[in-house]
Number of protein chains: 2
Amino acid sequence: MPVSPQDRFIETLGLISQTEGSPRISGQILGCLVLANEPLSLTEIAERLDVSKASVSTNVRLLEIRGMARREAMRGSRQDHWAVVENPHQQVLATLADRFRRNADTVKSIAADFPEDDSGEGARVAGFAEFYLRSADFLDSWAQTLATTDQHEKETPPHVG
Amino acid sequence: MPVSPQDRFIETLGLISQTEGSPRISGQILGCLVLANEPLSLTEIAERLDVSKASVSTNVRLLEIRGMARREAMRGSRQDHWAVVENPHQQVLATLADRFRRNADTVKSIAADFPEDDSGEGARVAGFAEFYLRSADFLDSWAQTLATTDQHEKETPPHVG
DNA sequence: CGTATCGTTCAATATGTACTGAACGATATT
DNA sequence: AATATCGTTCAGTACATATTGAACGATACG
């Protein structure tokens, strides 16, 4: 039988998530939430994807840490519900920027430990740190661009000096 | 005994490589080449990192595919030698941009398969494709900036759109 | 030619981690 | 208070892949 567009979208996000070094299920959950466009319970997600509730529990919280999903309370239900945030990708870029900034710090401190007359080793290492630092800046400005040029223009975009 | 700055740099690049979803050794090799600043043979790299020549062979070619290292012939030696390219990160960004563009294509074709009256599912999927496409553009322009900008002068990020 | 020195490939192993099922604590319901 | 319904945690398993040692083909050297 033919696979529905929904299933293909979910599976594709799972594969992308996997190639980016994250659990496949986290991408699938994201796709699930995007399609639903309304808060889903843990059980609903688990049944939709045919995986254990334990996996959904851990991975949905991973999405929360990355800023792509948020927990919501639904009146009349004891269950937690989960939904995608308004601009999920923007949050991811910010997280990535943080990681790059940590890389920059780490490498920079290493570069400082090289002696002066090292035939340029320390300078080249410092160049790496420089790259990571500038990358972090780029990612932030990129996220900013996403925020201000959102195609739906639902509200006035936040301006950060 | 205290670990040398060189070893810490190599190990750090290995860890970064690992968290980005690539083999640890590929990052270590990169660090090795950056420190040496001169073409190294397969054997030299393997001995420096204390790993098998097989691993170095496969992973140094991975670096080549990603555009970060290049093979060099040294006169007077039958061995292949390897060196980092001038601007390694620039190439990586271009590779990443390609991947995002493929993501965009895949998701876009899926979005096209949704019916019109799907309560916005297709539109939201298309939004994902849009993000990947714009991301690819941004990565390209970013790489361009790295290419034309000197290591030490800083430039304002480009605006995509 | 025969030999030695390369780099690559391939099957096998080691290793990390994603994922699951079951147990647990916490909260709501009766 | 007793029971039921949640979500999370944790030990164990399954799985993917990074890494290795050995075998191989190719090329240079004697």
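Throughout, protein chains are lettered first and strands after them, A, B, ... in sequence-line order, and every chain is numbered starting at 1.
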Answer yes when A:Lys53 and A:Glu47 have at least one side-chain N-carboxylate O distance shorter than 4.0 Å, and no when they do not.
no

When the ring planes of B:Trp142 and A:Phe138 are compared, do they come out parallel, tilted or perpendicular, using 30° and 60° as the limits?
parallel

Between B:Glu44 (CD) and C:dG7 (C1'), how many Å, whole number?
15 Å

Report yes if at least one side-chain N or O of B:Ser57 is closer than 4.0 Å to OP1 or OP2 of C:dT8; otherwise report no.
yes

When rounded to whole Å, the CG to P distance for the pair A:Leu42 and D:dT5 reads 16 Å

Evaluate B:Thr106 against A:Thr12 for side-chain hydrogen bond (donor to acceptor under 3.5 Å, both in side chains), listing each step before the verdict.
CA-CA 8 Å; B:Thr106 303; A:Thr12 298; over 6 Å; no

Nearest whole Å is fine: how far is D:dT17 C1' from B:Asn59 CG?
12 Å

With the threshold set at 4.0 Å, does a side-chain nitrogen-carboxylate oxygen contact exist between B:Glu130 and B:Lys108?
no

note: A:Arg71, atom CZ; D:dC6, atom P; distance rounded to Å ~ 15 Å

Other residues, nucleotides and ligands only: do more than 12 of their heavy atoms fall within 6.0 Å of CD on A:Glu72?
yes

Can you list the steps and then say if A:Glu86 with A:Arg70 is a salt bridge (charged side-chain N to carboxylate O under 4.0 Å, His left out)?
CA-CA 10 Å; A:Glu86 293 72 29; A:Arg70 68 164 183 277; 3.2 Å; yes

Looking at DNA chain C, which of residues 15-35 of chain B put a heavy atom within less than 4.0 Å of it?
none

When you look at B:Arg101 and B:Asp137, which way does the side chain to side chain contact (heavy atoms under 4.5 Å, CB included) test go after all the steps?
CA-CA 9 Å; B:Arg101 231 176 282 278; B:Asp137 291 341; 3.2 Å; yes

Assert yes or no for the condition that the ring centre distance of A:Phe9 to B:Phe114 is strictly below 6.0 Å.
no

Which whole-number value in Å describes the distance from A:Glu72 CD to D:dG7 P?
14 Å

Is the shortest side-chain N/O distance from B:Ser55 to OP1 or OP2 of D:dT20 below 4.0 Å?
yes

Treating primed atoms plus P, OP1 and OP2 as sugar-phosphate and everything else as base, which nucleotides of nucleotides 21-30 of chain C get B, S or - for protein heavy atoms under 4.0 Å?
B-----BS--

Identify whether the distance between the nearest side-chain nitrogen and carboxylate oxygen of A:Arg48 and A:Asp7 falls below 4.0 Å.
yes

When rounded to whole Å, the CG to C1' distance for the pair B:Leu62 and D:dA18 reads 12 Å

If I take atom CZ in residue A:Arg61 and atom C1' in nucleotide C:dA18, what distance separates them, rounded to the nearest angstrom?
15 Å

Round to the nearest Å and state the distance from B:Asp50 atom CG to D:dT20 atom P.
9 Å

